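Computed from a predicted model, the values in this text were never measured in an experiment. The sequence lines fix the lettering, A, B, ..., with proteins before strands; numbering per chain opens at 1.
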Amino acid sequence: MVNALDVLQERGFVEQVSDAEGLRSAMESPLTFYIGYDPSAASLHAGSLLTIMAVAHLQRLGHRPIVVVGGGTGMIGDPTGRTEMRQLMAVDSIAENVDAIRRQLSHYIDFGEDRAVVVNNAEWLMKLGYIEFLRDIGQHFSVNRMLAAEAYRQRFERGLSFIEFNYQLLQAYDYLHLFRTYGCRLQMGGNDQWGNILAGVDLIRRIEGAETYALTFPLLTTSSGAKMGKTAAGAVWLQAELMAPYDFYQYWINVEDADVGRFLKLYTFLPLEQIAELSSVEGSALRDSKEVLAYEVTRLAHGAEAADQAREASRALFGGQGERDAIPSTTVAKSDLEQGVLAVDLFVTAGLTRSKSDARRLVQQGGAYVNDEPVQDIEALITDADLEHGEILLRAGKKRFHRIVTG
RNA sequence: GGGCAGAUACCCAAGUGGCCAAAGGGGGCUGACUGUAAAUCAGCUGGCAGCGCCUUCGGAGGUUCGAAUCCUUCUCUGCCCA
């Protein structure tokens, strides 16, 4: 059987491991591991996708994931890598988000038959008694050592509240709790979590005398240094309601050349040999590889049907022929169109521009198109005469499209 | 609790009575070039009933013909002392 650690390493998931040899041998048999998600948003986005893929790989190789949604720690906020204090969250919205996150993860992870567990750390953290916690857990933490950690040192310059300072203890306690209840022996997380994860490993060693492991993922940026999963419009959400599969697909097909191979390894399950082939091509041929990347990632997130449609639509817009149904559309009342609507207003309704002024600028700069014809005049009126096959195709700039249909 | 400093547009950051919708940088958008890539160059980047008007410089009041700029007060943040 392939060793899961090797798989993760080969595909570029591993930034640091606490004890590679120990972990490798632990992974010779099914292992229970955990990863935490922050419940502050209702949907996961492309930034978390890397970690989801890692979990999915491990599960496919026979290991059992515990997904911890940080309902308890979410009420505090992790100071790591943040320059500002986080807003404390309402209890209700955390609970809603926990459900939403579980639903999204189920596209990637099999939650059936004890194959995976989702838990909310509020379950055990909320019950903790302060004195007891200080006595049992607090005594194992050295403030000196915590202060020396880079993550906290940065925060000194801007201030760090006592609540946030305790985050590490709680996360360490999570790990201890999961070790005791589920025999969890590996915690994974972003590289910014390294210190927190190790704190848990240490705590378990001190209290239980047992060896557990830590593994962190690289903090991904694109080749030109931008954060993963951000666009002008905001985050690249995994949930179809927040981001149409077509737009999701577009995000992936627009990645930089230099990222194709790396992303194929991280964000798809394609075998490494095939990936090597796909990323060996050069120049414009790489577009085909990007298409494979975009298709696969979209298929995982939204299913084969949605991915097919997104690909069709992309080909239709950028290549020539194909169905356009997957291009996001907005419905406009037929009567409005009969009377005529200002082109600039239509761009606003379609969400292609943020405001009417923005739309005017777009027209002035020659970036506004209706049915592939540039809009020449700011006062230009769009009517039902502009309908082609029952729709109007708006375009902002080179590659942002939206359909207007009547209803 | 005491003293000091600060809060400016998406982010960083200048501006300390009118020339301020507010310098500069980042980010973003558009155009040229391209391959739905990168790099480079140029323009744009508060809103609207668009040559004008309205809203914005932490909140609320005030002084003034006129305030992001001065005064009062409140909220928040940082630093120093306890």
Side-chain angles (χ1 to χ4, degrees), chain A residues 77 79 81-88 153-164 221-236 246-264 278-295 297-298 310-322 324 326-328 341-345 347-348 350-369 372 374-381 393-402:
Chain A
R82 283 174 193 275
T83 49
E84 283 171 33
M85 247 186 93
R86 187 141 41 140
Q87 293 249 307
L88 302 185
R153 211 180 318 156
Q154 282 175 2
R155 289 293 262 101
F156 288 151
E157 286 154 29
R158 313 218 34 173
L160 177 68
S161 79
F162 184 66
I163 304 191
E164 293 179 275
T221 56
T222 67
S223 290
S224 47
K227 260 187 205 153
M228 273 302 290
K230 294 277 181 193
T231 68
V236 177
Y246 168 79
D247 290 321
F248 187 79
Y249 181 94
Q250 283 296 314
Y251 175 78
W252 293 101
I253 208 159
N254 276 311
V255 300
E256 297 163 32
D257 284 9
D259 290 325
V260 174
R262 195 161 54 115
F263 287 1
L264 280 166
L278 285 168
S279 44
S280 68
V281 296
E282 286 180 9
S284 56
L286 259 176
R287 268 182 324 181
D288 297 333
S289 306
K290 289 181 188 176
E291 196 184 67
V292 175
L293 172 68
Y295 180 81
V297 180
T298 308
R311 184 167 60 185
E312 276 289 302
S314 265
R315 285 177 175 169
L317 292 174
F318 295 97
Q321 296 308 302
R324 298 173 155 189
I327 304 164
V341 182
L342 278 176
V344 281
D345 285 330
F347 274 84
V348 177
L352 288 174
T353 56
R354 205 180 314 169
S355 66
K356 198 166 174 177
S357 299
D358 201 13
R360 285 167 168 275
R361 264 176 240 127
L362 188 68
V363 172
Q364 277 160 355
Q365 293 177 136
Y369 296 82
D372 278 325
V375 178
Q376 306 285 0
D377 183 4
I378 290 190
E379 306 290 331
L381 218 53
L393 185 67
L394 300 182
R395 185 174 121 213
K398 288 186 181 68
K399 50 193 187 190
R400 289 153 51 223
F401 292 88
H402 200 92

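- Spacing between atom CG of A:Leu362 and atom P of B:G31 amounts to 7 Å, rounded to whole angstrom units.
- The same atom, P, is picked in B:C76 and in B:C70; the two are 23 Å apart, to the nearest Å.
- With both pairing distances under 3.5 Å, B:C29 is matched to B:G43 as a Watson-Crick or G-U wobble pair.
- Residues A:Tyr369 and A:Leu393 have side chains not in contact (no heavy-atom distance under 4.5 Å, counting atoms from C-beta outward).
- Close to B:U36, at under 4.0 Å from its OP1 or OP2, lies a side-chain N or O of A:Arg287.
- Counting any heavy atom pair closer than 4.0 Å across all strands shown, A:Arg315 reaches no nucleic acid atom.
- Residue A:Lys398 places none of its side-chain N or O atoms closer than 4.0 Å to OP1 or OP2 of B:G35.
- The side chain of A:Asn254 approaches B:A37 more closely than any other nucleotide in the set B:C48, B:G31, B:A37.
- Annotation: side chain of A:Thr353 is not in contact with side chain of A:Val344 (no heavy-atom distance under 4.5 Å).
- Ranking B:U36, B:G35, B:G47 by closeness to the A:Phe318 side chain, first place goes to B:U36.
- Put simply, the side chain of A:Gln250 does not reach to within 4.5 Å of the side chain of A:Arg400, judged on heavy atoms.
- Using P as the reference atom, B:A68 and B:G18 are 10 Å apart when rounded to the nearest Å.
- Note: CZ (A:Arg400) to P (B:G31) measures 10 Å, nearest angstrom.
- Residues A:Gly319 and A:Ser357 each lie close to RNA chain B; by heavy-atom proximity, the contact nearer the 5' end of the strand is made by A:Gly319.
- Just one residue in the list A:Leu278, A:Leu293, A:Val281, A:Val255 forms a side-chain contact (heavy atoms from CB on, under 4.5 Å) with A:Leu286, and that residue is A:Val281.
- Among the protein residues, A:Gly283 comes within range of the nucleic acid bases, having at least one heavy atom under 4.0 Å from a base atom.
- Within 4.0 Å of A:Gln364, counting heavy atoms only, lies no atom of the nucleic acid at all.
- In this structure B:G18 sits in a base pair with B:C65, meeting the Watson-Crick or G-U test at under 3.5 Å.
- Separation of the P atoms belonging to B:C54 and B:C19 is 15 Å when rounded to the nearest angstrom.
- Among the nucleotides B:G35, B:C48, B:C44, the one closest to any side-chain atom of A:Lys356 is B:C48.
- Nucleotide B:C76 forms a pair with B:G6, judged by Watson-Crick or G-U wobble geometry with both contacts under 3.5 Å.
- OP1 or OP2 of B:C48 lies within a sub-4.0 Å distance of a side-chain N or O belonging to A:Ser355.
- As rounded to the nearest Å, B:G47 and B:U30 have P atoms that lie 16 Å from one another.
- Protein atom CG of A:Asp358 is 9 Å distant from nucleotide atom P of B:U30, rounded to whole Å.
- One C1' atom belongs to B:C44, the other to B:G26, and the distance between them is 16 Å to the nearest Å.
- Note on A:Thr353: nothing from the nucleic acid sits closer than 4.0 angstrom, heavy atoms only.
- When side chains are defined from C-beta on, A:Ile253 does not count as touching A:Arg287, because their heavy atoms never get closer than 4.5 Å.
- Counting distance only, with no hydrogens placed and no angle test, the side-chain atoms of A:Gln365 and the base atoms of B:G43 include a donor-acceptor pair under 3.5 Å.
- Taking 4.0 angstrom as the limit, A:Lys399 places a side-chain polar atom (N or O) nearer than this to OP1 or OP2 of B:A37.
- Across all strands shown, B:G1 forms a Watson-Crick or G-U wobble pair with B:C81, both key distances being under 3.5 Å.
- Rounded to whole Å, the separation between the C1' atoms of B:A13 and B:G6 comes to 14 Å.
- When side chains are defined from C-beta on, A:Leu342 counts as touching A:Leu381, because their heavy atoms get closer than 4.5 Å.
- With a cut-off of 3.5 Å on both Watson-Crick or G-U wobble distances, the partner of B:U56 is given as none.
- Looking at heavy-atom distances under 4.0 Å, A:Ala396 makes contact with sugar-phosphate atoms alone, never a base.
- Distance noted for atom C1' between B:U8 and B:U56: 10 Å (whole Å).
- The nucleotide whose nearest atom lies closest to any side-chain atom of A:Arg361 is, among B:C29, B:U36, B:C44, B:C44.
- Per the geometry, CG belonging to A:Asp288 stands 11 Å off P belonging to B:U36, to the nearest Å.
- Checking A:Tyr369 against A:Leu286, the closest nucleotide of RNA chain B that is more toward the 5' end is the one next to A:Tyr369.
- The two atoms that bring A:Ala310 and A:Ala326 nearest to each other are N-CB, 3.8 Å, heavy atoms only.
- With distances taken from any side-chain atom of A:Glu256 to the nucleotides B:G35, B:A37, B:U34, the minimum falls on B:A37.
- Nucleotides B:A32 and B:A38 are separated by 16 Å at their C1' atoms, to the nearest Å.
- A:Ile253 comes within 4.0 angstrom of a nucleotide base, judged by non-hydrogen atoms across all strands.
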